[in-house]
Amino acid sequence: MYGENESTEQTSLAGFDPASSDDPRALFEELRKQPVLQIGPGFAALTRRHDIEAALRNPALFSSREEAVKLGNVRPLIPLQIDPPKHVKYRRILDPLFAPRQMAALEGEIVELVDDLMGKFVGRGECDFHEELAVPLPCTVFLRLMGLPLGDLELFLSLKEGIIRPPGATMEEQEPERKRTADAIYAYFGDLVDERRAKPGDDLLTRIMGSEVDGEQLTKEEVLDVCFLFLIAGLDTVTDSLDCFFAHLAQHPEHRRQIVEDPGVISSSVEELLRWESPVPGIARVALEDTEVGGCPVHAGDNVFLLLGSANTDYEAMPGADVVDLRRNPNPHLAFGGGVHRCLGSHLARVELRVVLREFHKRIPEYSLAPGTVLEYTPGLRSVSRLPLVFSPVAEFVG
Ligand code: HEM
């Protein structure tokens, strides 16, 4: 157990990464034998659902402030790296802009984007789902929301990758690229904020800049700290989810058929596949005081990972959590986190995921992995580097 002398079992867990595991559920089941894992000096992970929920509800003890995760930013990311009570001020500004009704209004536009992207491969009988749909869709949606030119797509993708997956095996090796990318992000959004100040538009950025709490607007630096977070929280996570969903469905024809035969199951499928795949397998916190979890000590200053994927499949806390049930309802999963920092973009993500499940299966009801494909899941956030699918070419109607 954590805090005892390093046992062989603990040492062998060093460097574990549930995101890139071929079978994260089995790994999580193994990890849950201990409530707290020591994964390195000053680094621990909580494995069990009740402990993770309690930590999410206690930001005064398990804080998400800057020390919890280093992403190249020079100031805390807003609102993620701000503790309550100040955190409330930012969510009061941002929540209404990401409310379910606002996001539902984007559905028609997202359908068009998905149709356009699919139009490039439906007639071919094969595609790389990752490259041709999962990557471009969320980024294009974001550019549209912020009122940015679609020609910035490649730039945006490289900025996101430079923070999330910079080259190098260790944090130290990755540091220079993260730093360079962070400078580029601040410069890009800095120019944009100046432009919008001079000439406001009808877009999310203008609305964020114009929102007020207690009679005060956000400063330029605060707007930049929000934009930086959006870029890394709102694009990759949807790509990861789409990759995980379609990798699962391509290998589980019984679930794919359920969606094709009854599109009414799509909403609950989104929740269930988010739970089962947990594309964000863990999130970072820093302990602010000495404490105990499940009888194991956690020390002030420790970096503590909350293994959301493990909480989501902890069948001892949630009976039946070890099987996929696309009709599961209620489905109190933690794929979007929990507590005050629960995902701001969950309603946007849900619309994107629902539209892709519906539109893809309408046009391509039968598909499978290209023969010989071995899926390679990425570390950190769970996606695949390639997702080659094959299907019968669809003849497009040209009217
Ligand atoms: C399926 C896709 C998504 C997943 C799985 C996901 C997951 C998460 C998780 C687990 C957290 C909690 C982080 C923590 O507590 O440390 C979070 C927070 C956040 N997410 Fe998402 N996210 C998704 C999509 C999005 C989108 C589309 C946006 C768009 C802006 C977004 C913006 C945010 C923001 C701003 C926060 C911080 C909220 C706060 O600190 O109050 N996310 N997300």
Side-chain angles (χ1 to χ4, degrees), residues 19 46 52-53 55-59 62-69 71 73 76-95 97-99 102-103 106 110 134 137-146 160 164 204-205 207-208 222 225-245 270-286 303-309 311-312 333-357 380-383:
L46 308 194
I52 291 170
E53 278 185 304
L56 286 170
R57 280 197 302 267
N58 194 350
F62 292 102
S63 165
S64 58
R65 64 174 62 164
E66 233 178 326
E67 299 95 287
V69 59
L71 292 166
N73 47 308
L77 299 172
I78 294 176
L80 183 63
Q81 296 182 330
I82 306 288
D83 288 330
K86 204 171 167 200
H87 174 263
V88 178
K89 160 183 158 177
Y90 296 116
R91 288 295 295 240
R92 244 191 260 151
I93 290 181
L94 296 169
D95 280 348
L97 302 175
F98 284 87
Q102 258 69 10
M103 297 300 107
L106 301 173
I110 296 175
L137 178 70
C139 200
T140 311
V141 169
F142 184 75
L143 289 169
R144 288 251 185 114
L145 257 179
M146 297 287 273
K160 161 185 87 75
I164 297 177
L204 184 62
L205 181 59
R207 283 192 278 280
I208 292 172
E222 288 174 314
D225 301 335
V226 170
C227 291
F228 196 125
L229 178 59
F230 282 0
L231 182 70
I232 52 177
L235 311 183
D236 213 78
T237 46
V238 180
T239 299
D240 307 328
S241 306
L242 286 170
D243 279 353
C244 288
F245 285 19
V270 165
E271 303 309 314
E272 181 65 345
L273 292 172
L274 280 171
R275 179 188 74 80
W276 185 247
E277 294 292 335
S278 296
V280 180
I283 55 177
R285 294 293 185 264
V286 58
N303 283 84
V304 182
F305 295 104
L306 310 182
L307 296 179
L308 300 177
N312 277 339
H333 64 75
L334 300 176
F336 289 118
V340 292
H341 292 286
R342 193 183 172 285
C343 181
L344 172 74
S346 62
H347 306 298
L348 173 58
R350 284 181 168 129
V351 178
E352 294 187 54
L353 297 171
R354 282 200 293 257
V355 167
V356 177
L357 281 187
L381 295 169
R382 186 168 170 79
S383 67

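Just so you know, ligand 1 is whichever comes first in the structure, and atom 1 is the first atom listed for that ligand. Any value given below was found using the heavy atoms of this structure, including those in side chains, with hydrogens, waters and symmetry copies removed. As the structure is a prediction and not an experimental result, all values here were calculated from the model.
The shortest N or O to N or O distance between Ser64 and ligand 1 is not under 3.5 Å. At a 3.5 angstrom cut-off on N or O pairs, His341 counts as close to ligand 1. Remark: ligand 1 and Glu352 share no N or O pair separated by less than 3.5 Å (distance only, no angle test).
The nearest protein atom to atom 16 (O) of ligand 1, hydrogens excluded, is given as Arg285 NH1, 2.8 Å; this is a heavy-atom distance. For atom 1 (C) of ligand 1, the nearest non-hydrogen atom of the protein is Ser241 OG, 3.1 Å. Here the protein heavy atom with the shortest distance to atom 5 (C) of ligand 1 is Ala335 O, 3.6 Å.
Under the rule for a side-chain contact (heavy atoms from CB on, under 4.5 Å), the partners of Ala134 that lie at least two apart in sequence or sit in another chain are Phe129, Thr239, Leu242, Asp243. By the side-chain contact (heavy atoms from CB on, under 4.5 Å) test, Ile208 pairs with Leu94, Leu97, Leu204, Leu218, Val226, Phe230, sequence neighbours left out.
Arg275 contributes a side-chain N or O that, together with a main-chain N or O of Asn312, makes up a donor-acceptor pair within less than 3.5 Å. Without hydrogens or angle criteria, Ser63 side chain to Pro59 main chain gives no donor-acceptor distance under 3.5 Å. Under a 3.5 Å cut-off, the side chain of Arg382 and the backbone N or O of Pro279 do not form any donor-acceptor pair. Listed for the Gln81 side chain is a donor-acceptor partner under 3.5 Å among the backbone atoms of Val69.
From Arg91, atom CZ reaches atom CD1 of Ile82 across 13.0 Å, with rounding to the nearest 0.5 Å.
Ligand 1 places these atoms under 4.0 Å from at least one heavy atom of Phe98: 30 (C). Each of the atoms 38 (C), 39 (C), 40 (O), 41 (O) of ligand 1 lies under 4.0 Å from some heavy atom of Pro79. Remark: ligand 1 atoms within the under-4.0 Å shell around heavy atoms of Leu308 are 10 (C). Taking a cut-off of under 4.0 Å to the non-hydrogen atoms of His87, the atoms of ligand 1 that pass are 39 (C), 40 (O), 41 (O). Close approach to Val340 involves these atoms of ligand 1, each under 4.0 Å from a residue heavy atom: 41 (O).
When non-hydrogen atoms are compared, ligand 1 lies under 4.0 Å from neither the backbone nor the side chain of Ala284. Residue contacts with ligand 1 for Leu229 involve side-chain atoms from C-beta outward but no N, CA, C or O (heavy atoms, distance under 4.0 Å).
For residues 78-87, the set of pairs meeting the salt bridge (Lys or Arg N to Asp or Glu O under 4.0 Å) definition, not counting sequence neighbours, comprises Arg65-Asp83.
In this structure, His341 and Leu80 approach most closely via the heavy-atom pair CE1-O, 3.2 Å.
A 4.5 Å side-chain heavy-atom check between Phe336 and Arg350 finds at least one atom pair inside the cut-off. Within the 4.5 Å cutoff, the side chain of Leu274 has heavy atoms near those of the Leu353 side chain.
Salt bridge annotation for Arg354-Glu271: absent, with no cationic side-chain nitrogen under 4.0 angstrom from a carboxylate oxygen.
Listed by chain and residue number, the protein N/O/S atoms under 2.8 Å of atom 21 (Fe) of ligand 1 are Cys343 SG, with waters left out.
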